[in-house]
Amino acid sequence: MSPADAETRMQFVFALRSQGVTDRAVLEAMEAVDRADYVQGVFEQRAYEDTPLPIACGQTISQPSVVAIMTQALQLTGRDKVLEIGTGSGYQAAVLARLARRVYTVERHARLTRAARDRFEAAQIPNIIPMTGDGSHGLPDLAPFDRILVTAAAEDPPSPLLAQLRVGGIMVLPVGQSDAVQTLIRVHRTESGFDYEELRPVRFVPLVEGLGRDE
Ligand code: SAH
């Protein structure tokens with residue numbers, strides 16, 4: 001259980017519910033992961049506000065309600081092998097890890113991967129495998145995945161990721177121009193192809209090709 005006081009936790013969960021997060025398991029996972037562990041210094045005191053916050057490398061930790069909505073949209077079963085693109089702080093991966101069997105998470109900035117790995121170790125989360133790489137190529141050697149979550153916006157779903165989704169699997173990702181409001185979509189892979197569903201408007205940092213150069 002997170003160390004935030006009862007009042008703060010109640011407000012946190014209320015904000016999630018008011019954004020349409022109703023899945024009990026998702027709400028429990030959101031309560032259990034302490035977001036303060038995934039933000040830095042001065043921002044720690046704002047960890048329970050429903051707002052994105054800056055992290056290293058000019059990136060952001062997503063808004064909690066958006067993390068919860070994306071997690072809910074994935075319809076996790078507890079047995080899933082999940083691929084997340086865009087580790088960032090590691091917060092979203094930590095939430096997924098409570099609801100899935102194993103989470104592979106890929107980040108283009110090695111510095112963010114290292115920081116996230118340290119956090120997973122400190123929190124003793126055994127089922128997240130963080131990696132540095134260009135996530136738009138996915139992880140072909142480890143495919144197929146039951147679920148794929150992309151936490152950076154591309155103009156279209158990257159085709160390698162579609163190819164690495166198991167038949168019957170679900171991918172959730174923001175699509176659209178990086179400087180505009182994007183749309184969160186859910187893709188179901190069927191025997192015959194892909195079904196696309198629009199969920200809601202969102203705003204994410206862009207999915208960028210290649211590795212970060214800030215090392
Ligand atoms: N899921 C994160 C928030 C992600 S912000 C969290 O919970 O904190 C988006 C992240 O995607 C950034 O860290 C950015 O560096 C990363 N990113 C952008 N393009 C990428 C790519 N092609 N491959 C891997 N990571 C990428």
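Remember, it's a predicted structure, so these values are computed and weren't measured experimentally. Order of appearance sets the numbers: ligands from 1, and atoms from 1 within every ligand. Starting from 1, each residue takes its place in the sequence as its number.
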Discussion item. With heavy-atom distances below 4.5 Å as the criterion, would you say the side chains of Leu173 and Pro158 are in contact?
Written reply: yes
Just list the N/O pairs, ligand 1 to protein, that are under 3.5 Å apart, with the distance for each.
| residue | atom | partner | partner atom | Å |
| --- | --- | --- | --- | --- |
| ligand 1 | 1 (N) | Glu84 | OE2 | 3.1 |
| ligand 1 | 1 (N) | Gly86 | O | 2.9 |
| ligand 1 | 1 (N) | Thr151 | OG1 | 3.1 |
| ligand 1 | 7 (O) | Gln92 | N | 3.0 |
| ligand 1 | 8 (O) | Ser89 | N | 3.1 |
| ligand 1 | 8 (O) | Ser89 | OG | 2.6 |
| ligand 1 | 13 (O) | Glu107 | OE1 | 2.7 |
| ligand 1 | 13 (O) | Glu107 | OE2 | 3.4 |
| ligand 1 | 15 (O) | Glu107 | OE2 | 2.7 |
| ligand 1 | 19 (N) | Val208 | N | 2.9 |
| ligand 1 | 22 (N) | Asp134 | OD1 | 2.8 |
| ligand 1 | 22 (N) | Val208 | O | 2.7 |
| ligand 1 | 23 (N) | Gly135 | N | 2.7 |
| ligand 1 | 25 (N) | Arg108 | N | 3.2 |

Worksheet item: Got a sec, which pairs hit salt bridge (charged side-chain N to carboxylate O under 4.0 Å, His left out) with one end in residues 159-173, sequence neighbours left out?
Response: Asp146-Arg166
Fill in: Any Glu155 side-chain heavy atom under 4.5 Å of Leu207 side chain
no
Worksheet item: Is any side-chain heavy atom of Thr71 less than 4.5 Å from a side-chain heavy atom of Gln92?
Response: yes
Practice prompt. For the pair Tyr38 and Phe120, name the ring-plane relationship: parallel under 30°, tilted 30 to 60°, perpendicular over 60°.
Written response: tilted
Discussion item. Tell me if a side-chain donor or acceptor on Asn127 pairs with a main-chain N or O of Ala97 at a distance below 3.5 Å.
Written reply: yes
